[in-house]
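No hydrogens, no waters, no symmetry mates; every other heavy atom, side chains included, goes into these values. Everything numeric here is computed off the predicted structure, so don't read it as measured data.
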Amino acid sequence: MTLRPVLVAIGGASSSGKSTVAKLIHSIAEGSYLFQQDDFFKDDNDIPIDEATGLQSWDCPEALNFDAFVQEVKHLKETGLADETLKNIRYVSDTKDQDLNSVAPEVLKQVKEMILPHLTGRKLIIVDGFMMFHDLSIIELFDIRIFIKASHDTLKQRRESRFGYQTQQTFWVDPPGYFDKIVYPAYAESHKILFNDDDVEKSVRQDIKDKYDIAVITNNNGTPIADTVLSVSKELESRLSKLD
């Protein structure tokens with residue numbers, strides 16, 4: 001039986017919790033496919049340099065090979081399969097996450113009961129990334145859209161508590177002050193179109209939410225990951241049911 005691909009965008013700023021949620025949903029939804037936007041970072045030497053600081057900017061749209069990313073998304077939408085012509089471009093990032101084992105089995109069971117009944121005849125394709133919602137033409141490629149929002153202070157605390165990131169060629173560690181100099185300004189500038197008064201600390205514009213049926217989930221410090229994954233799963237269940 002040919003399964004119909006259903007593309008789910010799970011986006012948000014770096015350290016918003018989007019990847020943890022995407023991995024949890026993927027682990028629960030049997031037969032689903034997880035595709036991470038981080039797999040399309042450019043080579044280390046091609047990452048843009050921020051003029052004001054002289055530092056590499058890993059958190060701007062230009063750090064990603066967007067042509068290849070969009071090609072992959074369109075191929076997944078049409079076939080449900082990864083585009084083999086991109087295998088020499090795609091960088092397979094590390095998908096481990098310490099939070100994956102922190103959700104109680106009864107919560108995972110609840111999520112499974114919400115999602116699986118709606119996947120008959122379908123293949124759930126989950127795409128997560130930090131630059132999923134900055135471009136409205138990219139948003140349109142997806143069947144279901146979920147944006148995970150977190151405050152500046154939450155994002156800063158989480159990002160600065162990370163040890164570093166494996167890149168295509170090396171291992172990157174944020175220099176002191178990198179979040180406030182590079183990460184947050186790049187997010188605020190690239191995503192302002194989504195927010196009231198162009199301010200990413202405010203709420204997402206209602207007209208944008210309505211037009212693209214975007215579910216917005218807040219995941220600030222103090223929110224248990226189980227609560228966040230349940231909130232996302234409820235929104236996912238609601239939107240899958242509309243496709244029935």
Asp197 side chain to Asp199 backbone, donor-acceptor under 3.5 Å: no
Contact summary for Phe195 and Lys149, nearest pair of heavy atoms: CE2-CE, 3.4 Å
Sidechain-backbone polar pair: Ser32 side chain, Leu124 backbone, donor-acceptor under 3.5 Å: no
Exercise: identify the closest heavy-atom pair between Asp128 and Ser19: OD1-OG, 2.8 Å
Close aromatic pair by centroid cut-off 6.0 Å: Tyr178 and Trp172: yes
Donor-acceptor contact below 3.5 Å, side chain His134 vs main chain Pro61: no
Ion pair Glu62/Lys42, N-O distance below 4.0 Å: no
Closest approach of Thr154 to Asn221 (non-hydrogen atoms, all atoms of both residues): OG1-N, 3.1 Å
Ser241 versus Ser238, side-chain donor and acceptor atoms under 3.5 Å: no
Which atom of Leu119 lies closest to which atom of Ala29, heavy atoms considered: CD1-CB, 4.0 Å
NZ/Lys87: more than 12 non-hydrogen atoms of other groups inside 6.0 Å: no
Donor-acceptor contact present, side-chain Thr228 to main-chain Asn219, <3.5 Å: no
Test item: side-chain donor near acceptor, Asn220 and Thr223, under 3.5 Å: no
Gln71 side chain to Asp67 side chain, donor-acceptor N/O pair below 3.5 angstrom: no
Non-hydrogen side-chain atoms of Ile225 and Thr20 separated by less than 4.5 Å: yes
Verdict with reasoning, Lys74 to Glu78, per salt bridge (charged side-chain N to carboxylate O under 4.0 Å, His left out): CA-CA 6 Å; Lys74 289 180 176 179; Glu78 292 172 3; over 6 Å; no
His152 and Tyr184 aromatic ring geometry - parallel, tilted or perpendicular at 30°/60° bounds: perpendicular
Donor-acceptor pair, side chain of Gln36 and main chain of Val127, under 3.5 angstrom: no
Lys109 and Lys112, any side-chain heavy atoms less than 4.5 Å apart: no
Heavy-atom side-chain proximity of Leu81 to Lys123 below 4.5 angstrom: yes
Steps toward side-chain contact (heavy atoms from CB on, under 4.5 Å) verdict (Phe35, Ile126): CA-CA 6 Å; Phe35 163 45; Ile126 305 163; over 6 Å; no
Check ion pair Arg145-Asp213 (N to O, under 4.0 angstrom): no
Rounded distance (nearest 0.5 Å) linking atom CD1 of Ile10 with atom NE2 of His26: 11.5 Å
Check: Phe171 ring centroid to Phe163 ring centroid under 6.0 Å: yes
Which atom of Glu189 lies closest to which atom of Lys192, heavy atoms considered: OE2-NZ, 3.3 Å
Under-4.0 Å salt bridge between Glu235 and Arg239: yes
Any donor-acceptor pair under 3.5 Å from Gln169 side chain to Asp43 backbone: no
Verdict with reasoning, Leu155 to Ser16, per side-chain contact (heavy atoms from CB on, under 4.5 Å): CA-CA 6 Å; Leu155 297 172; Ser16 62; 4.1 Å; yes
Qualifying residue for salt bridge (Lys or Arg N to Asp or Glu O under 4.0 Å) with Asp174, from Arg158, Lys181, Arg159: Arg159
Side chain Gln56, main chain Asp44, donor-acceptor under 3.5 Å: yes
Side-chain heavy-atom pair Ile144, Leu7 within 4.5 angstrom cut-off: no
Parallel, tilted or perpendicular, as decided by the 30° and 60° cut-offs, for the rings of Phe133 and Phe147: perpendicular
Backbone of Ser151 reached by a side-chain donor or acceptor of Glu201 within 3.5 Å: no
Gln37 vs Met131 side-chain heavy atoms within contact, under 4.5 Å: yes
Exercise: identify the closest heavy-atom pair between Ala68 and Ile89: CB-CG2, 4.0 Å
Check: Leu236 and Ile115 side chains under 4.5 Å, non-hydrogen atoms: yes
Phe130-His191 aromatic ring centre distance below 6.0 Å: no
Distance (rounded to the nearest 0.5 Å) between Asn196 CG and Ser203 OG: 4.0 Å
Side chains of Ile214 and Ile146 in contact at under 4.5 Å (non-hydrogen atoms): no
Sidechain-backbone polar pair: Ser233 side chain, Val229 backbone, donor-acceptor under 3.5 Å: yes
Backbone of Leu141 reached by a side-chain donor or acceptor of Lys77 within 3.5 Å: yes
From CG (Asn45) to CD (Gln168), nearest 0.5 Å: 10.5 Å
